[in-house]
Amino acid sequence: MDFLSVNRTLMIATYLFLGFFIANHTITGATKPIGVCNGRIADNLPSEQDVVSFYTMNGIGKMRIYDPNQATLQALRGTNVELILGVPNGDLQSLTTPSTANNWVQNNIVAFSPAVNFRYIAVGNEVEPSDPASQYVLPAMQNIYNALVSTNLGGEIKVSTSVSASLLAQSFPPSAGSFGATSSTYMTPIVSFLATTGAPLLVNVYPYFAYIGDPQNIRLDFALFTAQGTVFQDGALAYQNLFDAIVDAFYSALEAAGGANVEIVVSETGWPSTGEAAATVDNASTYYKNLINHVNDGTPKKPGKAMETYLFSIFDEDQKGPAETERHFGLFSPDKQPKYNNISLS
């Protein structure tokens, strides 16, 4: 179904919903640094052009994609949508060759710049230290960065990698956050690179997974931003939600790894609408609404510092798995109908 052909009632519901999900949208005078990930592991999605049109027609100003999909990059020309462009894990080894990295940058960045507004290059997604590909992440980052510098784009486009909370050997309390012995060997050189180049660490933050992994010790209201008052005190810092606790644990780990000046961009966060006991439309709606209202507040370690955050994902992806929840993280169904009509600006 084409977006332009939906009836007036659905359009109104869609615009109300998108009020919470647009990047750079102002609510009570505050700019919300929100983007939306564009995952495409599905066989029933709109075309790349239709997806980009869906973003731009509704004011979604930030997008993350997971590979240099040429049709998406073509569709993004002239839109000014800020882009996180991913390097698939399977491509990391080849990019340890400088000439290959140079060609990658020429074909996927230079060929589209400045018509496409590249913001970050995510070199690998959630690569674990035990993964054979881990040895290729930093060399690939360095080669892509050098290639960008050679084309005078090194100051405009930051090169990073996207990591998961599994890299934290300790996350509680947040002030004790650390990568641990195994992860530190992998992460410390990467943190040094980020600190030197002024790039942020891209972090995928999922309170949902933390909650279902330990529901006896993690309260649902703490994960959904609905806890009343302080849930736990960490020295002088008071924590009322799990999202802040995870982000601040990463900030502590960065500090311990020599990256006190490295910022964090939340490159994914979301809540599924079905598949587990806690995966419901009501819980997902609550999570998104409260998260978006919160991101400008910063965290206890970084109060008042708006957190650039990308919601996962724009559409449900029917070919993900193996868990059923993996197929239900979309903010919209593949036919572009909003899943959370009850969320509004009022």
Side-chain angles (χ1 to χ4, degrees), residues 1-28 31-65 72 75-76 79 81-82 206-208 223-226 243 266 268-276 278-295 309-320 324-346:
M1 179 176 65
D2 186 81
F3 180 77
L4 292 174
S5 68
V6 298
N7 61 51
R8 185 172 182 272
T9 301
L10 179 57
M11 288 183 70
I12 292 172
T14 301
Y15 282 119
L16 288 172
F17 170 80
L18 282 167
F20 278 104
F21 295 97
I22 60 176
N24 301 321
H25 186 84
T26 301
I27 300 175
T28 62
T31 299
K32 301 295 183 181
I34 293 293
V36 182
C37 300
N38 178 17
R40 298 193 62 82
I41 304 178
D43 60 5
N44 58 352
L45 297 180
S47 71
E48 291 88 341
Q49 180 63 62
D50 285 348
V51 172
V52 172
S53 296
F54 192 66
Y55 274 68
T56 59
M57 291 175 64
N58 293 285
I60 304 174
K62 299 177 189 293
M63 177 189 290
R64 178 184 180 187
I65 61 176
T72 298
L76 284 167
T79 64
V81 172
E82 295 181 350
Y206 283 97
Y208 167 75
L224 291 174
F225 295 89
T226 57
F243 179 89
V266 177
E268 287 183 15
T269 189
W271 198 285
S273 58
T274 191
E276 294 275 354
T280 66
V281 170
D282 285 345
N283 284 344
S285 174
T286 297
Y287 180 77
Y288 287 123
K289 177 179 178 179
N290 291 333
L291 169 73
I292 293 166
N293 284 336
H294 176 74
V295 290
T309 300
Y310 290 75
L311 309 178
F312 185 86
S313 180
I314 188 70
F315 299 116
D316 283 340
E317 298 174 82
D318 66 353
Q319 293 185 324
K320 292 198 74 174
E324 180 65 23
T325 51
E326 294 289 333
R327 294 183 275 276
H328 301 283
F329 273 90
L331 306 177
F332 293 85
S333 300
D335 61 2
K336 304 178 186 176
Q337 293 190 53
K339 291 165 65 177
Y340 308 112
N341 287 334
N342 59 317
I343 295 178
S344 72
L345 295 173
S346 58

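Predicted model only: the values in this text are computed from it and were never measured.
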Side chain [X], main chain [Y], donor-acceptor under 3.5 Å:
| X | Y | answer |
| --- | --- | --- |
| Lys339 | Gly330 | yes |
| Asn283 | Ala278 | yes |
| Thr325 | Pro272 | no |
| Asp43 | Asp318 | no |

Stepwise side-chain contact (heavy atoms from CB on, under 4.5 Å) test for Trp271 and Leu224: CA-CA 9 Å; Trp271 198 285; Leu224 291 174; 3.7 Å; yes

Partners passing side chain to side chain contact (heavy atoms under 4.5 Å, CB included) against Pro46 (at least two apart in sequence or in another chain):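 Side chain to side chain contact (heavy atoms under 4.5 Å, CB included) check on Pro46 returns Asp50, Val51, Phe315, Lys336.
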
Just to verify, what does Thr56 make a side chain to side chain contact (heavy atoms under 4.5 Å, CB included) with, not counting sequence neighbours?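 Per chain and number, Thr56 pairs via side chain to side chain contact (heavy atoms under 4.5 Å, CB included) with Val52, Thr79, Val81.
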
Where [X] and [Y] come nearest, the two heavy atoms and their spacing:
| X | Y | answer |
| --- | --- | --- |
| Gly39 | Ser313 | N-OG, 3.1 Å |
| Pro207 | Ala223 | CB-O, 3.9 Å |
| Ala279 | Tyr208 | CB-OH, 4.0 Å |
| Cys37 | Phe312 | CB-CD1, 3.7 Å |
| Arg40 | Glu317 | N-OE1, 3.1 Å |

Set of residues satisfying side-chain hydrogen bond (donor to acceptor under 3.5 Å, both in side chains) with respect to [X], sequence neighbours excluded:
| X | answer |
| --- | --- |
| Tyr55 | none |
| Ser53 | Gln49 |
| Thr72 | Asn69 |

Would you mind reporting whether [Y] and [X] have side-chain heavy atoms less than 4.5 Å apart?
| X | Y | result |
| --- | --- | --- |
| Val36 | Phe332 | no |
| Leu291 | Phe225 | yes |
| Ile314 | Ile60 | yes |

Kindly compute the distance separating [atom1] ([X]) from [atom2] ([Y]), expressed to the nearest 0.5 Å.
| X | Y | atom1 | atom2 | value |
| --- | --- | --- | --- | --- |
| His328 | Thr274 | NE2 | OG1 | 5.5 Å |
| Lys320 | Phe329 | NZ | CZ | 8.0 Å |
| Leu311 | Ile34 | CG | CD1 | 5.0 Å |

Evaluate the side-chain contact (heavy atoms from CB on, under 4.5 Å) criterion for residues Glu326 and Ile41: first the C-alpha distance (whole Å), next the side-chain angles of each, then the deciding distance (0.1 Å), finally the verdict. CA-CA 10 Å; Glu326 294 289 333; Ile41 304 178; over 6 Å; no

Thr269 and its side chain to side chain donor-acceptor pair (under 3.5 Å) partner, picked from Tyr287, Tyr288, Tyr310: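 For Thr269, the side chain to side chain donor-acceptor pair (under 3.5 Å) check succeeds only for Tyr287.
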
Glu276: which residues meet the salt bridge (Lys or Arg N to Asp or Glu O under 4.0 Å) condition with it, sequence neighbours left out? none

